[in-house]
Each structure stands twice: as structure tokens, then as C-alpha cells.
There are 2 protein chains.
Amino acid sequence: MNNSSNRFEQMSYKLKSAGYKLTPQRVIILQILSQRQDHPNPDSIYATLKKQLPTTSPATIYKTLAVLKNLKEVLEIQYSKESNRYDGYNPIPHPHIHCIKCKKLSDLNLFVFDQLSEEVQKQTGYQVHSLNLLIDGICPECQLTSQEDDK
Amino acid sequence: MNNSSNRFEQMSYKLKSAGYKLTPQRVIILQILSQRQDHPNPDSIYATLKKQLPTTSPATIYKTLAVLKNLKEVLEIQYSKESNRYDGYNPIPHPHIHCIKCKKLSDLNLFVFDQLSEEVQKQTGYQVHSLNLLIDGICPECQLTSQEDDK
DNA sequence: ATACGTGCAAATACTTTGCAGGCTT
DNA sequence: AAGCCTGCAAAGTATTTGCACGTAT
């Protein structure tokens with residue numbers, strides 16, 4: 001059993017345990033979230049979902065994402081300009097790097113990250129809820145193709 | 001001469017050198033940005049500006065902030081839910097901690113932060129543009145007052 | 001039957017844009 | 001005179017909300 005299947009089972013279980021119903025819409029949303037590792041935004045999830053259930057509305061996705069976020073079964077990566085992206089494959093908080101050209105959003109391994117929360121808590125006295133590290137840049141591929149539009 | 005005055009001079013100089021005009025609106029915006037250390041959002045800047053120039057519109061603030069951001073004379077702290085906040089007092093990228101109760105946004109000193117950009121660049125090959133570390137939590141004061149609303 | 005979920009549409013919030021008029025150099 | 005800047009209003013985008021209907025237990 002691969003991680004996608006595990007994630008699907010885990011999310012389904014969590015939803016049901018918390019008293020939520022596993023509707024056809026939600027099943028598909030869970031499938032999408034457990035499989036995709038490209039951190040889709042609501043609109044992208046909507047596009048896929050609409051193919052299988054054409055009557056679905058975006059509101060359903062937003063509502064389900066909110067539930068999953070509260071259950072910590074999906075990680076929300078917040079943007080101010082573009083819409084949020086969601087990681088259901090690996091919902092444990094981790095830093096990301098975002099290419100501002102091709103919009104790709106990738107995981108980033110930083111061994112300092114996991115200690116940060118506790119360190120900040122100690123240093124500031126804040127009760128830390130979430131720690132968002134988001135890096136914007138240009139990925140190696142886009143660096144090649146963007147040489148011509150440099151001034 | 002204190003840092004606020006320095007910042008005001010520096011921002012004025014940068015604007016003029018880059019060919020922008022120093023209009024009355026912009027003078028006041030620069031004053032606000034150079035003095036306030038609470039990381040105001042556009043609306044808060046607007047409220048102050050409106051007192052001195054009642055006909056000012058929010059668009060003027062957004063446009064001026066965009067210019068200053070490009071000149072790197074103001075640091076934009078991005079949110080997805082609330083509006084952006086701006087640091088003109090210390091425009092060099094640095095991490096922040098945000099209280100989700102009282103909305104206070106404070107600077108955070110993390111000695112690891114300054115090395116991160118280069119480390120990420122090496123590790124990923126990305127050309128790093130900006131590194132945003134934003135921590136959400138509850139500040140010590142709000143922890144005291146919020147005990148009663150805990151479930 | 002009761003409560004939850006869905007889909008639609010309207011509302012909200014923040015920010016950007018187009019444009020006409022004004023001011024500065 | 002030319003160009004930049006402002007203020008207004010409209011448009012744009014992302015997300016949330018209210019509500020009536022449907023469905024599952």
C-alpha cells in the first residue's frame with residue numbers, strides 16, 4: 001500500500017470519526033488531495049472534481065478544505081496574491097519554495113525548520129500556532145528560459 | 001538624528017533618484033512609514049493620511065507602496081486572509097510573529113534567518129527572490145486574557 | 001424527522017486598473 | 001508642453017455566507 005492510499009484511508013477515517021459524512025464529492029476531493037503532490041489550489045481541485053461531478057460548486061471545495069484543515073489532514077500554504085495551495089499528501093507543516101515564473105510549488109527540506117517552533121516559543125513567550133516559511137524565487141528551469149526577457 | 005528621520009531622508013532620496021515625484025501625499029506616507037513600527041496595513045495608513053489630506057484615495061497608497069516595495073524601501077509582509085502589512089522602518093527582510101488575537105505584528109530575531117537564503121539557493125538551485133517567515137500564535141498578553149474563552 | 005451537505009447566488013474584502021483632470025518642471 | 005500623479009469608480013479575484021433543497025441515518 002502506497003502513501004497515497006494510506007493518506008486516503010487516514011483522511012476518510014478522520015472525517016468519519018469527527019462526525020462528518022463521506023459524500024461522493026468528498027471522496028473525490030480526498031482522492032485528489034491524497035494523490036497530488038503539486039500542492040493544488042481550490043480552483044485546480046475544482047477543475048478535476050468537475051470532470052467527475054459536473055454539478056459540483058467551488059463552495060463545496062472550500063468547505064471541505066476548511067474541515068480538513070481543522071482536522072490537520074491538509075496543510076494550507078497561504079499566499080496573499082494567488083490563491084492558497086493545499087498539501088494533503090504530507091499535511092505536516094514544512095517549508096516550501098515557489099517559482100514565481102512557472103508557479104510550481106515544491107517541498108523544501110530544511111533541518112533547522114523543525115526546531116524553530118520551540119525556539120520561538122521559548123524566546124518570545126508566544127504560543128505558536130503555525131509557522132509559515134515560504135520562499136519565492138525562480139527555479140533552475142525557468143532561469144534558463146527567462147534569460148531572454150531579462151532587461 | 002534618529003532612525004525615523006534617517007529613514008524618511010533615505011526614502012525621499014531613493015524616490016527622487018529613481019525619478020518619482022515627492023508629492024504632499026507621498027511625503028505623509030513616507031512620514032508614516034518611517035515612524036511607525038507596528039507594521040501598518042494600507043487601510044491604517046489611509047486612516048492617518050486622510051486626517052491630513054481628506055481627499056486622498058486608497059489607490060494612491062497602494063500605488064506608492066508598490067513603488068517603495070520595488071525600490072526595496074519598504075518590506076511587505078504578506079497575508080492571505082488579512083491585508084498586507086508594511087515595514088518602512090526596517091525594510092531589510094526579517095521574520096515576524098503575529099498574534100492572531102490582537103493582530104499585533106512584531107519583529108523576530110532569529111540568527112538562522114540570514115543564512116537561509118544562501119543555503120536554499122545552494123541546495124535547490126533556485127534564484128531566491130524573497131524569503132518569508134511568518135509565525136502565527138498568541139502573544140503572552142492575549143494568553144492571559146483568553147483563558148476564559150478556552151473551551 | 002433530523003441534521004448535515006450541496007449548489008447556487010449574493011456578499012465581502014482587498015487590491016488593481018482605467019481614465020480624466022491637475023500639477024510640476 | 002509633457003509627463004507624472006491623483007482621485008474616483010469600476011473591475012477583478014478569492015473566498016465566505018445565506019438559503020432552500022436534497023439525502024442519509
Side-chain angles (χ1 to χ4, degrees), chain A residues 11-12 14-30 32 39-71 73-74 76-86 98 100 103 105 134, chain B residues 11-12 14-30 32 39-71 74 76-86 98 100 103 105:
Chain A
M11 290 197 259
S12 308
K14 262 289 193 65
L15 271 186
K16 282 186 289 189
S17 315
Y20 296 99
K21 288 176 187 162
L22 210 51
T23 63
Q25 288 87 340
R26 288 187 175 161
V27 168
I28 300 176
I29 293 173
L30 295 193
I32 295 169
H39 312 86
N41 61 19
D43 201 56
S44 167
I45 296 169
Y46 178 58
T48 306
L49 178 50
K50 214 175 162 58
K51 282 180 201 152
Q52 302 183 52
L53 281 178
T55 60
T56 311
S57 88
T60 300
I61 295 179
Y62 281 103
K63 286 166 187 167
T64 298
L65 285 172
V67 168
L68 290 171
K69 182 187 161 194
N70 284 336
L71 296 175
E73 286 300 322
V74 80
E76 185 180 74
I77 301 120
Q78 301 191 351
Y79 283 84
S80 76
K81 296 296 149 58
E82 305 164 29
S83 62
N84 289 343
R85 306 270 288 256
Y86 293 86
H98 174 238
I100 58 178
K103 309 299 184 196
L105 183 66
L134 178 57
Chain B
M11 290 198 259
S12 309
K14 262 289 194 65
L15 271 186
K16 282 186 289 189
S17 316
Y20 296 100
K21 287 176 187 162
L22 211 51
T23 62
Q25 289 87 341
R26 288 187 175 161
V27 168
I28 300 175
I29 294 174
L30 294 193
I32 295 169
H39 311 87
N41 61 19
D43 201 56
S44 167
I45 296 169
Y46 178 59
T48 306
L49 178 50
K50 216 176 161 58
K51 283 180 200 150
Q52 302 183 52
L53 282 178
T55 60
T56 310
S57 88
T60 299
I61 295 179
Y62 281 104
K63 285 167 187 167
T64 298
L65 286 172
V67 168
L68 290 171
K69 182 187 160 193
N70 284 336
L71 296 174
V74 79
E76 184 180 74
I77 302 119
Q78 301 191 353
Y79 283 84
S80 76
K81 296 296 150 57
E82 305 163 30
S83 62
N84 289 344
R85 307 270 289 255
Y86 293 85
H98 174 239
I100 58 178
K103 309 298 182 196
L105 182 65

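Throughout, protein chains are lettered first and strands after them, A, B, ... in sequence-line order, and every chain is numbered starting at 1.
When all heavy atoms of A/Pro24 and A/Leu53 are compared, the closest pair comes out as C-CD1, 4.2 Å.
For C/dC14, the OP1/OP2 oxygens have no side-chain nitrogen or oxygen of B/Asn84 closer than 4.0 Å. Side-chain nitrogen and oxygen atoms of A/Tyr62 include at least one within less than 4.0 Å of the OP1 or OP2 phosphate oxygen of D/dT15.
Not a single donor-acceptor pair under 3.5 Å links the side chain of B/Thr64 to the backbone N or O of B/Ile61. Counting only distance, with no hydrogens or angles, the side chain of B/Lys14 and the backbone of B/Leu71 share a donor-acceptor pair below 3.5 Å. Formation of a donor-acceptor pair under 3.5 Å by the A/Arg85 side chain with backbone atoms of A/Ile77 is not found in this model. Judged by distance alone, with hydrogens and angles left aside, the side-chain atoms of B/His39 form a donor-acceptor pair with the main-chain N or O of B/Leu105 at under 3.5 Å.
Between the C1' atom of D/dA14 and the CD1 atom of A/Ile45 lies a distance of 14 Å, rounded to the nearest Å. Atom CD1 in B/Ile77 sits about 16 Å away from atom P in C/dC14, given to the nearest Å. Spacing between atom CD of B/Glu76 and atom C1' of C/dC14 amounts to 12 Å, rounded to whole angstrom units. A/Asp43 places its CG atom 16 Å from the C1' atom of D/dT16, with the value rounded to the nearest Å. Following rounding to the nearest Å, A/Arg85 (CZ) and D/dA14 (P) show an atom-to-atom distance of 12 Å. When the C1' atom of D/dA14 is taken as reference, atom CD of A/Glu82 falls 12 Å away, rounded to whole Å. Computed from coordinates, the A/Ile61 CD1 to D/dT16 C1' distance equals 14 Å when rounded to whole Å. Look at CD1 on A/Ile28: it is 10 Å from P on C/dG7, rounded to the nearest Å.
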Annotated protein contacts, base or backbone, on nucleotides 3-13 of chain D with a non-hydrogen cut-off under 4.0 Å, one of B, S, - each: BSSBBB-----

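Residue A/Pro58 is classed as having no contact, given no heavy-atom separation below 4.0 Å to the nucleic acid.
Looking at heavy atoms from C-beta onward, A/Pro42 lies in side-chain contact with A/Ser83 at the 4.5 angstrom threshold.
Rounding to the nearest 0.5 Å places CD1 of B/Ile45 at 12.5 Å from OG1 of B/Thr56.
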